[in-house]
Amino acid sequence: MLIRYSEHTLQTGLRGLLSRTLFVAFLVVCASSCGDTVATPEVTLPVRVDVDWSGCGVPEPSGMTVLFHHQHGGTFSSVIDNNVDHASSYLAPGRYWATVFNLTEREFDNIRFRGLDAADTTEAYLRGATPSKWYTPGPDDGGYVARQPEWLAADTIRIAAEMPPASAAGSAGLQVAGTLHPKNITCHLHLLIHTGGTGNMRSARGALSGLAAGHRLAADVPNDNSVTVTHLIEADAWKRTASSPDAGTLEAEITCFGLPAGHGGSPDENILVFQALHADGKTVSNYRIPVGHLIRRIPGKTSGAPDLSLELRLDPPLPPAPADSGGIDVWFDDWDETLDFNVAV
């Protein structure tokens, strides 16, 4: 039988066949695309870093925080653990900064952390505190009053999360990517004051401005001197040594983050405010002394923030005890802030 199709019928049939073919191809492409998204999970690798606290010179902490930052940004993870010997995490292949510090960011009373989502912004800093009523910051002090920091140690190293070689395919072993060696970030500043009239002292207190407000963990440097802090040295922090009724020394120690980066050693960069309460319990000698040029590093510390010393002589010295005092030689650690007193000229 001879079947004849008109030209119109053929064109209609071909258009229908082409439409059905394109629709089926579209569905295949969509299914293939969706399947790739679901069926291709991100590859992660088990990575471990060891932590050696022996360089801190103190017993190991009760816990630690380890941060992993991808070197080119975007990936960030943290591990908090009471095991302070090592930390493990699953990381996408690539190079990372690994940063460790003792305890967790919420376990410190006087230290706070910020910028933890990137290695170059991770920073420990001191939270502000309400200053004592007796201390009024001067116009050149700058910064704010802060309590002294707790012990803090940290370190940052580069590590790599790498695919295992073909011979080790399927191995579930951890890659030991490196060892962190935390160092002390906080340091001690020893203050020694020579003066006459130590037999005429009932108590002492002071404040030192211009110290670092914090520490940048990855760079391992204190914050710069655009923002500084003042640490108060209350009466119970002082010790007195009298070589005679009319001469001796006063000593105190401050825990701090050291001098700010960029400290130039000029006198006005650090100001010591010192008050001495006389034996009569009423008269106070006030001193405001530029000391930025007198702060020195104490040699001998091989790692971590350097300990510092500040030694000076009061000028003028404290006056001797009055002749009718009978050689009063008293020393009280407490100093009532509401006590009425006369300011010595």
Side-chain angles (χ1 to χ4, degrees), residues 53 55-58 61 65 67 69 97-103 105 108-129 137 140-157 180-191 206-233 252-272 290-310:
W53 298 91
C56 297
V58 297
T65 299
L67 310 174
H69 298 101
W97 292 105
T99 299
V100 64
F101 57 87
N102 56 295
L103 302 181
E105 58 179 302
F108 295 91
D109 292 327
N110 301 329
I111 297 175
R112 295 292 181 265
F113 295 86
R114 57 191 168 202
L116 298 183
D117 56 343
D120 58 352
T121 59
T122 298
E123 175 186 341
Y125 68 98
L126 290 170
R127 71 182 185 94
D140 300 327
D141 290 355
Y144 54 94
V145 174
R147 292 185 177 90
Q148 298 181 31
E150 300 93 339
W151 174 67
L152 177 64
D155 188 26
T156 298
I157 61 172
L180 289 153
H181 298 274
K183 301 174 290 294
N184 296 325
I185 288 176
T186 50
C187 68
H188 301 287
L189 188 152
H190 183 73
L191 177 57
L208 182 62
S209 67
L211 297 173
H215 196 95
R216 296 166 55 199
L217 301 191
D220 191 23
V221 293
N223 292 352
D224 61 31
N225 52 11
S226 60
V227 178
T228 61
V229 297
T230 296
H231 287 309
L232 301 181
I233 318 169
E253 192 168 85
I254 302 172
T255 303
C256 61
F257 282 129
L259 296 173
H263 190 275
S266 60
D268 290 336
E269 288 181 275
N270 302 93
I271 304 294
L272 174 66
V291 295
H293 60 306
L294 300 176
I295 299 177
R296 301 283 186 265
R297 291 190 176 192
I298 299 177
K301 195 172 181 181
T302 58
S303 66
D307 287 336
L308 305 171
S309 67
L310 171 58

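All figures in this text were calculated on a predicted structure; none of them were measured in a lab.
The backbone N or O of D109 lies less than 3.5 Å from a partner atom in the side chain of R127, making a donor-acceptor pair. The backbone N or O of A146 sits less than 3.5 Å from a side-chain atom of H231, completing a donor-acceptor pair.
Legend: residues meeting salt bridge (charged side-chain N to carboxylate O under 4.0 Å, His left out) with R297, ordered by chain and number and at least two apart, are absent. Residues passing the side chain to side chain contact (heavy atoms under 4.5 Å, CB included) test with T228, sequence neighbours excluded: N225, P260. With sequence neighbours excluded, the residues satisfying side chain to side chain contact (heavy atoms under 4.5 Å, CB included) with A252 are I233, W238. Residues meeting the ring pair (Phe, Tyr, Trp, His ring centres under 6.0 Å) test with F113, sequence neighbours left out: F101, F108.
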Quiz prompt | Stepwise side chain to side chain contact (heavy atoms under 4.5 Å, CB included) check, I254 with Q148 | solution = CA-CA 7 Å; I254 302 172; Q148 298 181 31; 3.9 Å; yes
Exercise. Apply side chain to side chain contact (heavy atoms under 4.5 Å, CB included) to the pair L189 and L211, showing each step before the final yes or no.
Key: CA-CA 10 Å; L189 188 152; L211 297 173; 4.2 Å; yes
Exercise. Tell me, with the steps shown, if I111 and F257 meet side chain to side chain contact (heavy atoms under 4.5 Å, CB included).
Key: CA-CA 11 Å; I111 297 175; F257 282 129; 4.2 Å; yes
Quiz prompt | Working for side chain to side chain donor-acceptor pair (under 3.5 Å), residues S209 and T230 | solution = CA-CA 4 Å; S209 67; T230 296; 4.5 Å; no
Practice problem: Begin with the C-alpha distance, continue with both residues' side-chain angles, and end with the deciding distance and a verdict on side chain to side chain contact (heavy atoms under 4.5 Å, CB included) for E269 and L259. | Solution: CA-CA 10 Å; E269 288 181 275; L259 296 173; over 6 Å; no
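Annotation: salt bridge (Lys or Arg N to Asp or Glu O under 4.0 Å) contacts involving residues 110-126, sequence neighbours excluded, comprise R114-E123. Applying the salt bridge (Lys or Arg N to Asp or Glu O under 4.0 Å) test to pairs two or more places apart or on separate chains, none has a residue in residues 215-226.
Summarising the geometry of P182 relative to V100, their closest heavy-atom pair is CG-CG1, 3.8 Å, with the distance given to 0.1 Å. When all heavy atoms of T65 and L103 are compared, the closest pair comes out as OG1-O, 2.8 Å. Smallest separation of non-hydrogen atoms from L126 and A212: CD1-O, 4.3 Å. The shortest heavy-atom contact between H188 and E253 is ND1-OE1, 3.7 Å.
Between L208 and the choices L191, I271, V291, V229, the side chain to side chain contact (heavy atoms under 4.5 Å, CB included) rule is met once, by V291.
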